[in-house]
Amino acid sequence: VTAAVLSGMELAAQLRESVSARIAALPVGAPRPVLAVVTATTDEASTWYVRSIASAAAKAGVICTVIDLGQDATPDVISATLSDLSAAQTVSGIIAATPLPGDGKLADYGHLIDPAKDVDGANPLSLGRLAAGLRAFAPATAEAVVRLLEYYQVDLAGRHAVIVGRSTVVGKPAVHLLLDRNATVTVCHSRTRYLPAITRTADVLVAAAGCSGLLTADHIRPGAVIIDVGTNSSPDGGIVGDVDPLAAEVAGAISPVPGGVGPVTTALLLQHVLTAATVSARPLPL
Ligand code: NAP
């Protein structure tokens, strides 16, 4: 038995088409949604990701401005740039690409992004609002997990969802999004004991550890649905997820890497920018 493939390509295409149709329907002369992407790295994967966002944005009619501060950018320069963009009337959405220079973490800067423009849920206020059940932009990757599950009509109510990974960009927001859909949620991390015993109880398993091959057939309950968020470099220069390919012989369905969560994430970012640009649809102001 081989697992069904939960491709993200069709859903991503639908989301992009809906964004472009809504932008095309904006009144003549109305401002277009503008996404500002702040980057300060030469990291290859990050550069590729920023390029793919810019290209998807251009196709959908979202204006994307990449502000490359260079890998030597100081914390002051990064902070000032994010604050200026937050204040700029012309900017609808803001993303800070990672990694950031030195030991800089997104969490150090997220609070500088106006929550109304925080299209990738980097501001702790966004995560807090999500946890409180209030409207907020969820990190696009975490939202892509549940959107993919919904697209394939995976029943979540009362099911056991196990998330491997507790980062603020994937694992933690995914907890709230899954809880909101009435799943029973367990979160695992690097200190979790008996990981395979826990993951084997999952009806839905979300792999977001960033470790290729971490989850093997031994970790999977027969028939489980797996969403593989991991994007790890493979020796042949491609990318692979966190789930060992042999797990497909046990799982009921699995999202591929690449072509699963990734394209949905990018499409959702564009949708968030459009939402942020449409003042009446803003989830905030605070
Ligand atoms: P992260 O910040 O490094 O977090 C990884 C999490 O996995 C941590 O909570 C860590 O536990 C846990 N973990 C690591 N090794 C583990 C192990 N052996 N057993 C159990 N748990 C383990 O990474 P992230 O930013 O959340 O990203 C996770 C993965 O998703 C990466 O591969 C990343 O590239 C990918 N990603 C994909 C997209 C997309 O659009 N497709 C977007 C974002 C991220 P501790 O907390 O204990 O350290």
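Side chains are part of it too, since the values below use all heavy atoms of this structure and drop only hydrogens, waters and symmetry mates. Numbering of ligands and ligand atoms starts at 1, following listing order. In what follows, residues are counted from 1 in the order of the sequence shown. As the structure is a prediction and not an experimental result, all values here were calculated from the model.
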Requested in this report: Indicate yes or no: at least one non-hydrogen side-chain atom of P33 is less than 4.5 angstrom from one of L26.
Outcome: yes

**Report entry** Check: S234/D236 side-chain N/O donor and acceptor closer than 3.5 Å
**Finding:** yes

Query raised in the report: Does the side chain of D120 come within less than 4.5 Å of F137's, by heavy atoms?
Result: no

Query raised in the report: For atom 6 (C) of ligand 1, which candidate among G165, C188, G241, P139 provides the closest heavy atom?
Result: G165

Query raised in the report: What atoms of ligand 1 come within less than 4.0 Å of a heavy atom belonging to N232?
Result: 32 (O)

Query raised in the report: Nearest protein heavy atom to atom 47 (O) of ligand 1, by residue and atom, and its distance?
Result: S190 OG, 2.5 Å

Report task. Please check if the side chain of N232 supplies one atom and the backbone of G241 the other of a donor-acceptor pair under 3.5 Å. Result -> yes

Query raised in the report: Relative to the heavy atoms of A208, which atoms of ligand 1 are at a distance of less than 4.0 Å?
Result: 5 (C), 6 (C), 7 (O), 28 (C)

Query raised in the report: Does the side chain of H160 pick up a donor-acceptor pair with the side chain of T184 at under 3.5 Å?
Result: no

Query - Greater than 12 external heavy atoms within 6.0 Å of E10's CD - result: no

Query raised in the report: Counting only heavy atoms, which portion of T231 has something under 4.0 Å from ligand 1: side chain, backbone, both, or neither?
Result: both

Query raised in the report: Going through the checks in order, is the side-chain hydrogen bond (donor to acceptor under 3.5 Å, both in side chains) test met by Q271 and R147?
Result: CA-CA 13 Å; Q271 193 181 63; R147 292 293 203 100; 3.0 Å; yes

Report task. Could you tell me the residue and atom name of the protein heavy atom closest to atom 13 (N) of ligand 1, and the distance to it rounded to 0.1 Å? Result -> A209 CB, 3.8 Å

Query raised in the report: Applying a 4.0 Å heavy-atom criterion (strictly less than), which segment of C211 is in contact with ligand 1: side chain, backbone, both, or neither?
Result: side chain

Requested in this report: Check step by step if side-chain hydrogen bond (donor to acceptor under 3.5 Å, both in side chains) holds for S126 and D118.
Outcome: CA-CA 8 Å; S126 300; D118 186 24; 2.5 Å; yes

Query raised in the report: Does R51 offer a backbone N or O that forms a donor-acceptor pair with the side chain of S55 under 3.5 Å?
Result: no

Requested in this report: Looking only at protein heavy atoms, identify the closest one to atom 9 (O) of ligand 1 and say how far it is in Å.
Outcome: R166 N, 2.8 Å

Query raised in the report: Is G171 near ligand 1, meaning one of its heavy atoms is under 4.0 Å from it?
Result: no

Report task. Provide, to 0.1 Å, the distance between atom 29 (C) of ligand 1 and the closest protein heavy atom, together with that atom's residue and name. Result -> G210 N, 3.7 Å

Query raised in the report: Which of the listed options, A174, A207, S167, holds the heavy atom that is closest to atom 23 (O) of ligand 1?
Result: S167

Requested in this report: Just let me know how T266 lines up against ligand 1, side chain, backbone, both or neither, with a heavy-atom cut-off below 4.0 Å.
Outcome: neither

Report summary line: So the atoms of ligand 1 within less than 4.0 Å of a heavy atom of T265 turn out to be 40 (O)

Query - N/O separation below 3.5 Å, D242 to ligand 1 - result: no

Requested in this report: Among all protein heavy atoms, pick the one closest to atom 30 (O) of ligand 1 and tell me residue, atom and distance.
Outcome: V229 O, 3.4 Å

Query raised in the report: Between H219 and T216, do the side chains contain an N or O donor and an N or O acceptor separated by less than 3.5 Å?
Result: yes

**Report entry** Identity and distance of the protein heavy atom lying nearest atom 17 (C) of ligand 1
**Finding:** L214 CD2, 3.9 Å

Requested in this report: Specify whether the nearest protein heavy atom to atom 3 (O) of ligand 1 is under 4.0 angstrom away.
Outcome: no

**Report entry** Protein heavy-atom partner closest to atom 42 (C) of ligand 1 - residue, atom, separation in Å
**Finding:** T141 OG1, 3.0 Å

Query raised in the report: Heavy-atom distance under 4.5 Å between the side chains of R32 and I23, does that happen here?
Result: yes

Query raised in the report: Less than 3.5 Å between some nitrogen or oxygen of R191 and one of ligand 1, yes or no?
Result: no

Report summary line: One finds that the ligand 1 atoms under 4.0 Å from a non-hydrogen atom of V164 are 20 (C), 21 (N)

Report task. Examine distances only and state if a side-chain atom of Y49 and a backbone atom of A97 form a donor-acceptor pair shorter than 3.5 Å. Result -> no

Requested in this report: Name the closest protein heavy atom to atom 21 (N) of ligand 1, giving the residue it belongs to and the distance to 0.1 Å.
Outcome: H189 C, 3.1 Å

Requested in this report: Go through the steps for V204 and L156 under the test side chain to side chain contact (heavy atoms under 4.5 Å, CB included), then give the verdict.
Outcome: CA-CA 8 Å; V204 173; L156 288 170; 4.0 Å; yes

